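Single-structure report; data block below.
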Protein chains: 2
Amino acid sequence: MAELATSLRRGTLEFCVLAMVEHEHRYGTEIVRRFGEEPNLAASEGTIYPLLSRLRRVGWLDSKWAESPAGPPRRYYALTTDGRTALEHFRTEWVSFRQTVDRLVGTGEAA
Amino acid sequence: MAELATSLRRGTLEFCVLAMVEHEHRYGTEIVRRFGEEPNLAASEGTIYPLLSRLRRVGWLDSKWAESPAGPPRRYYALTTDGRTALEHFRTEWVSFRQTVDRLVGTGEAA
DNA sequence: CACAGTACCTTGCGATGCAAGGTAGGTCCA
DNA sequence: TGGACCTACCTTGCATCGCAAGGTACTGTG
């Protein structure tokens, strides 16, 4: 069986990325660092970069290069209209899904 | 990108199965049918049977055959001690994970 | 000009959801 | 008796995706 946390990330990680660039444009390394600070989501470069590529490919993220104050240029990501729609859709699905799991496994919080 | 619901299931499905046999022994087809009634978790035989085999293999589920009132015999599943421990562990992890996602994607329910 | 730091990306593997396909025992009814 | 149908089990093969490990390239420093 795979690591518990790893499996849980599946399916949510990409939307956490979308949410992360929703209000501010961010670049790869910055995103990796921020996820690293979340024990529940900690994901390395090997996860994040391919993910960012996928999100660009399906048209949920857009990117543009920008100079760095020091070091190589950075690729900054931003939500597209489709990306925003997908994120909204996820928010609805997530709440529903979360409630179902809470009910079935009984976290002790349900009524 | 895969189906949203499909990805979300990953990692939680197996614990929903454990929870389903926590208090009552159940057999494969019954479990499939019950999941079919949950729009968020709908999983077919092709998902459930291999999953049940894995759970047996790692020692979280135990099973014994029993006659059916009509039709072929059924394999009834029950939680092992290890299975119960794993389920408890999941409950803790899940609550923590769920809160992190709620906070990051902002479901509009957070404080 | 070597070295360390930052930033990007790719390769290969393992785990797992799932459609589709396969086996076998039981019931029903002509 | 025997064919159609149901129930119940399980396997095969494919696609997806997280991730460790490895790789390229630019920049500033001593």
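Chain A is the first sequence line, chain B the second, and so forth, proteins listed ahead of strands; every chain is numbered from 1. No experiment lies behind these values; they were computed from the predicted model shown.
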Q.
D:dC9, OP1 or OP2 - any side-chain N/O from B:Tyr27 closer than 4.0 Å?
A. no
Q | A:Ile48 CD1 to D:dC17 P, straight-line distance once rounded to whole Å | A | 14 Å
Q: Give a yes/no answer on whether the side chain of A:Arg33 brings an N or O atom under 4.0 Å of OP1 or OP2 in C:dT6.
A: no
Q.
Could you tell me how far apart A:Phe35 (CZ) and D:dG18 (P) are, to the nearest whole angstrom?
A. 11 Å
Q) Taking OP1 and OP2 of C:dC8, is either one under 4.0 Å from a side-chain nitrogen or oxygen of A:Thr29? A) yes
Q) When you check the gap from the basic side-chain N to the acidic O, do B:Glu14 and B:Arg9 get nearer than 4.0 Å? A) no
Q) Where the side chain of B:Ala43 is concerned, which of C:dC18, C:dA7, D:dT11 is the nearest nucleotide? A) C:dC18
(Q) From CZ of A:Arg9 over to P of C:dA15, roughly how many Å is that when rounded to an integer? (A) 16 Å
(Q) If I take atom CG in residue B:Leu51 and atom C1' in nucleotide D:dT11, what distance separates them, rounded to the nearest angstrom? (A) 15 Å
Q: Report the residue (B:Tyr76 or A:Ala5) whose heavy-atom-nearest nucleotide on DNA chain D is the more 5′ of the two.
A: B:Tyr76
(Q) Just N and O in the side chain of B:Arg75: are any of them under 4.0 Å from OP1 or OP2 of D:dC9? (A) no
Q) Taking the side chain of B:Leu13 as heavy atoms from C-beta outward, which of D:dC10, C:dA7, C:dG17 is closest to it? A) C:dG17
Q: Look at the side-chain N and O atoms of A:Tyr49 and state whether any lies under 4.0 Å from the OP1 or OP2 oxygen of C:dT10.
A: no
Q. So, is B:Ser44 close to the C:dA19 phosphate, meaning a side-chain N or O under 4.0 Å from OP1 or OP2?
A. yes
Q) For the base of C:dC18, is there a side-chain donor-acceptor partner from B:Glu45 under 3.5 Å away? A) no
Q) So does A:Arg34 pair up with A:Glu37, basic N to acidic O under 4.0 Å? A) no
Q.
Need to verify one output field. Residue with the more 5' nearest nucleotide on DNA chain C, A:Pro72 or B:Glu14?
A. A:Pro72
Q. Choosing from C:dT16, C:dC8, D:dT11, which nucleotide comes nearest the side chain of B:Pro50?
A. D:dT11
(Q) Check the phosphate of D:dA15 against A:Arg10, side-chain N and O only, distance under 4.0 Å to OP1 or OP2. Yes or no? (A) no
**Q.** Between P of D:dG18 and CG of A:Leu55, the distance in whole Å
**A.** 10 Å
Q | Whole angstrom value for the distance that separates C1' of C:dA24 from CZ of B:Arg74 | A | 16 Å
**Q.** side-chain N/O A:Thr6 vs D:dC19 OP1/OP2, d < 4.0 Å
**A.** yes
Q: Could you label the plane-to-plane angle of the A:Phe15 and A:Phe90 rings as parallel, tilted or perpendicular, counting under 30° as parallel and over 60° as perpendicular?
A: parallel
Q) Is the phosphate of D:dC10, meaning OP1 or OP2, less than 4.0 Å from a side-chain N or O of B:Arg56? A) yes
Q | Gap between atoms CD and C1', on A:Glu67 and D:dG28 respectively (whole Å) | A | 15 Å
(Q) Under 4.0 Å between a side-chain nitrogen and a carboxylate oxygen: does that hold for B:Glu38 and B:Arg33? (A) no
Q. Between the side chains of B:Thr80 and B:Asp62, is a donor N or O closer than 3.5 angstrom to an acceptor N or O?
A. no
Q. Under 4.0 angstrom, heavy atoms only, what part of the nucleic acid is A:Gly71 near: base, sugar-phosphate, or nothing?
A. sugar-phosphate
Q. Tell me: CD of B:Glu3 to C1' of C:dC18, nearest whole Å?
A. 12 Å
Q) Below 4.0 angstrom from OP1 or OP2 of C:dG17, is there any side-chain N or O of B:Thr47? A) no
Q) Are A:Arg98 and A:Glu93 close enough for a salt bridge, meaning some N to O gap below 4.0 Å? A) no
